[in-house]
Amino acid sequence: MATWTGFSHTPRILESAEIWKHECLLADGSLFTDQNLWTFENVVELKEMFVGNPLTGKSTFYDKLKLQVGNAKPKVIQLASEALWLLLLLVYQDSMKPSTKRQRIIEVWDWSNVPHPNSDILDEDALRGLVNPGTAFQTRNWAEYGFLLTLMEAWKALSRDEQSGMLSDQPWVLGEWVLGIDDADTRSFRHMFLYLCYPHEYEKVVSKTAKEQIYTHFSNLIEEGEDPYKNNPSWLSLDQSIYIIREALQDEYETEDLDFFQQPLEDLWRDKASKPRLPKQEIATLDPFFPVEEIDLNGPIENLFLEDDEVKHILSIWRRKKNLILTGPPGVGKTFAARKLAYEIIGIEDPECVEFVQFHQSYSYEDFIQGYRPTKDGFVLKDGHFYRFCDKARSNPETKHVFIIDEINRGNLSKVFGETMMLIEADKRGDQWGIPLAYDDTGKKFFVPDNLYLLGLMNTADRSLAVVDYALRRRFGFVNLTPRFKSQKFRDYVLGTGLSEGLLNTIEERIGRLNEAISEDQSNLGSGYCIGHSYFCAYEESSLSENDWYRQIIETEVLPLLEEYWFDAPSKVDQWRKSLLAEI
């Protein structure tokens, strides 16, 4: 039985789940009233309003939800409120207080202009929750809510016999059916739904990583040939194997009062040193209706001047390879893009999950991985930047971490990475690939965790750079960023700073001609040496006129670069000086 948790309020939550299952899942009724809210028609209408009408921008999830469903018929709005109750039911009170849950559920109900309910399943114990779903769940609640509605639409389309059959002692049939719903393999609510329907068979573990770790540490308890996950790996067979593991543990400890997140089990599958830290306080208490910082995770990344498809393409490569290098000439916003893309991968703007270093010719293995450092008493073994960040990522496996390396090709990459070069490959992550390090004589094995993403930045116009090591090159995906002077997003942004359209057109035309000349100079330069758009993104209306501002950028930033490019052709630089500054 997976119903013992060590929390006194667990029976109240499971009782509430049973009410929902019988009144709303098997019937078309309601949690809070005697009306029929959970009908196929209402679910379809709510799903179309929410999933079929996505809203982007900086507004909160709460504000967007009101815009999407606030004018719906009362029963659909009330269904939206009860669906929100379901989504938040298992979220533990340290992540969201019961009073906050109640407030949000009632606020959504009140949009229907019908007096809000006074129900027992809105009391304190019913809303205390059981699991910490992690940062990604809290910041992407819109995706979880959309999946919940998609799941309910598919469920309500089934016949009564099909529904009753899957809820009548057929937990694995239900699990297989759920996996057929779009995005089921990535959504935390899939785990929640199955636990609420079958709390004796499914664990209240909503992290895929945690389930894999539990299986890895206890799979030896399963008899040879009887391991569903080993025989046919899938998310369903993983749940089945964990169920067998639980039965074996209950026999071993002679009790059903066992929970994988309580002692004595927790320390067996997760070492104290690698226990995930609780999110920072300001994140642990996040109200999922409000955004974190200013990042908009529901739309294209702001101010990158990339189209949506380009952003999706970059993120797709990065998620697949785990390692990405952004290349491009100076001024295309590689560093700015790195931060934005990192937060998009992580799912929250949390600087604690990002590390930033810059390589140089003297950067060493000892700086990056591990080595002996002098002290007043001699030498001591110290961990490097990457080693420490790997430890940090391992301690919080449910949250993605990003390690950014600026000027990645300035270092001697084979020397800096050393024997860890193999470990950064996407299919070589995890403790099963761990190896001893050069300086470590303790026997401890080092590995790169699966939740760590590498991002390198490479300036294609730096003449001093060595050729990128081929062994490293094949381990990274490469994306080239180019100047965006003709992008409408760039134009809109610059005009928004107060720059006149006339000067913007001048910049686009003159720098465009300059970049054409640079690209055509294949013997010395090429497109990797073009002038980027970020030089012209920082205009502020002040005592400095826009013409003086433009002249200052050309004279102090662009021309010195051209002097370096064409160091053996000063007359060419003079020609461009006159061309770029004409009538300014």
Side-chain angles (χ1 to χ4, degrees), residues 213 267 270-277 322-325 335 338 342 350-397 399-459 462 464-476:
Q213 290 176 342
D267 279 351
R270 189 165 63 191
D271 295 337
K272 291 182 179 179
S274 63
K275 279 188 185 180
R277 61 171 173 82
K322 296 286 181 137
N323 311 310
L324 180 74
I325 289 181
T335 304
D350 184 0
E352 290 294 318
C353 295
V354 177
E355 182 85 4
F356 195 102
V357 301
Q358 186 178 71
F359 279 3
H360 50 76
Q361 286 84 347
S362 299
Y363 204 90
S364 68
Y365 176 91
E366 289 75 14
D367 297 313
F368 195 62
I369 304 296
Q370 193 179 66
Y372 282 95
R373 293 299 186 189
T375 68
K376 64 180 181 179
D377 299 319
F379 288 84
V380 63
L381 184 62
K382 288 193 174 182
D383 300 328
H385 294 292
F386 187 63
Y387 186 105
R388 293 194 299 270
F389 194 70
C390 285
D391 274 349
K392 188 176 186 178
R394 279 192 290 269
S395 71
N396 188 13
T399 301
K400 296 181 177 67
H401 289 65
V402 175
F403 193 90
I404 302 173
I405 306 172
D406 193 21
E407 306 287 4
I408 189 170
N409 51 338
R410 277 184 174 272
N412 184 330
L413 299 177
S414 296
K415 180 180 177 182
V416 171
F417 277 88
E419 69 271 34
T420 68
M421 190 175 291
M422 175 190 73
L423 304 182
I424 67 173
E425 293 185 49
D427 61 349
K428 303 293 191 300
R429 302 296 185 89
D431 56 0
Q432 69 271 28
W433 290 95
I435 59 174
L437 296 177
Y439 289 103
D440 193 337
D441 58 3
T442 65
K444 179 181 178 182
K445 292 185 177 181
F446 173 81
F447 66 92
V448 179
D450 192 57
N451 62 324
L452 189 147
Y453 289 72
L454 273 167
L455 179 58
L457 309 180
M458 183 186 298
N459 185 350
D462 193 328
S464 67
L465 298 180
V467 176
V468 178
D469 191 296
Y470 175 76
L472 190 71
R473 180 176 286 275
R474 72 179 181 82
R475 288 169 168 83
F476 281 79

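The distance from atom CD1 of Ile405 to atom CG of Leu413, rounded to the nearest 0.5 Å, is 8.0 Å. Atom NE2 of residue His385 and atom CD of residue Glu355 lie 7.0 Å apart, to the nearest 0.5 angstrom. A distance of 5.0 Å separates CZ in Phe447 from CG in Asp431, rounded to the nearest 0.5 Å. From Asn412, atom CG reaches atom NE2 of His360 across 12.5 Å, with rounding to the nearest 0.5 Å.
Across Tyr387 and Lys444, no two heavy atoms sit closer than the pair OH-NZ, 3.4 Å. Heavy atoms only, all atoms of each residue included: Leu324 and Phe476 are closest at N-CD2, 3.4 Å. Across all their heavy atoms, Phe446 and Cys390 have their closest contact at CZ-SG, 3.8 Å.
Under 3.5 Å, the side chains of Tyr363 and Gln358 contain no donor-acceptor pair of N or O atoms.
For Lys428, the NZ atom is densely surrounded, since the number of other residues' heavy atoms within 6.0 Å is greater than 12.
Taking 4.5 Å as the limit, some side-chain heavy atom of Phe386 sits within range of a side-chain heavy atom of Leu454. Inter-residue side-chain proximity for Val416 and Phe359 is flagged as met; some heavy-atom pair is nearer than 4.5 Å. The closest side-chain heavy-atom distance from Ile369 to Glu419 is not below 4.5 Å. Side-chain contact between Leu381 and Gln370 is present, with at least one heavy-atom pair separated by less than 4.5 Å. Taking 4.5 Å as the limit, every side-chain heavy atom of Tyr453 sits out of range of all side-chain heavy atoms of Leu455. Residues Pro449 and Arg429 are not in side-chain contact: their nearest non-hydrogen atoms beyond the backbone lie 4.5 Å or more apart. A heavy-atom distance below 4.5 Å is not found between the side chains of Lys400 and Cys353. In this structure the side chain of Arg410 reaches within 4.5 angstrom of the side chain of Gln361, judged on heavy atoms.
For Arg475 (side chain) and Ile424 (main-chain N/O), no donor-acceptor pair under 3.5 Å exists by modelled atom type. Panel note: side chain Asn451, backbone Asn396; a donor-acceptor pair is recorded below 3.5 Å. Judged by distance alone, the side chain of Ser364 and the main-chain N or O of Asp367 form a donor-acceptor pair under 3.5 Å. Put simply, the side chain of Glu366 never gets that close to the backbone of Tyr372: no donor and acceptor are under 3.5 Å apart. Not a single donor-acceptor pair under 3.5 Å links the side chain of Arg373 to the backbone N or O of Phe379.
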Are Asp406 and Val357 close enough, and set up right, to give a side-chain contact (heavy atoms from CB on, under 4.5 Å), and what steps lead you there?
-> CA-CA 6 Å; Asp406 193 21; Val357 301; over 6 Å; no
Given side-chain contact (heavy atoms from CB on, under 4.5 Å), test Thr420 with Leu437 step by step and report yes or no.
-> CA-CA 8 Å; Thr420 68; Leu437 296 177; 4.1 Å; yes
For the pair His401 and Phe389, evaluate ring pair (Phe, Tyr, Trp, His ring centres under 6.0 Å) and give the outcome as yes or no after the intermediate values.
-> CA-CA 8 Å; His401 289 65; Phe389 194 70; 5.7 Å; yes
Decide side-chain contact (heavy atoms from CB on, under 4.5 Å) for Phe403 and Phe356; before the verdict, give the C-alpha distance in whole Å, the side-chain angles of both, and the deciding distance to 0.1 Å.
-> CA-CA 6 Å; Phe403 193 90; Phe356 195 102; over 6 Å; no
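You'll find the ring centres of Phe417 and Phe368 inside the 6.0 Å limit.
Ion pair Asp391/Arg394 flagged as a salt bridge, since at least one NZ, NE, NH1 or NH2 atom sits closer than 4.0 Å to an Asp/Glu carboxylate oxygen. A salt bridge links Lys392 with Glu352: the closest approach of a Lys/Arg side-chain nitrogen to an acidic carboxylate oxygen falls below 4.0 angstrom. The pair Asp450-Lys322 meets the salt-bridge criterion, with a side-chain N (NZ, NE, NH1 or NH2) lying under 4.0 Å from an Asp/Glu carboxylate O.
A side-chain contact (heavy atoms from CB on, under 4.5 Å) with Leu457 is found for exactly one of Ile408, Ile325, Ile404, Asn409, namely Ile404.
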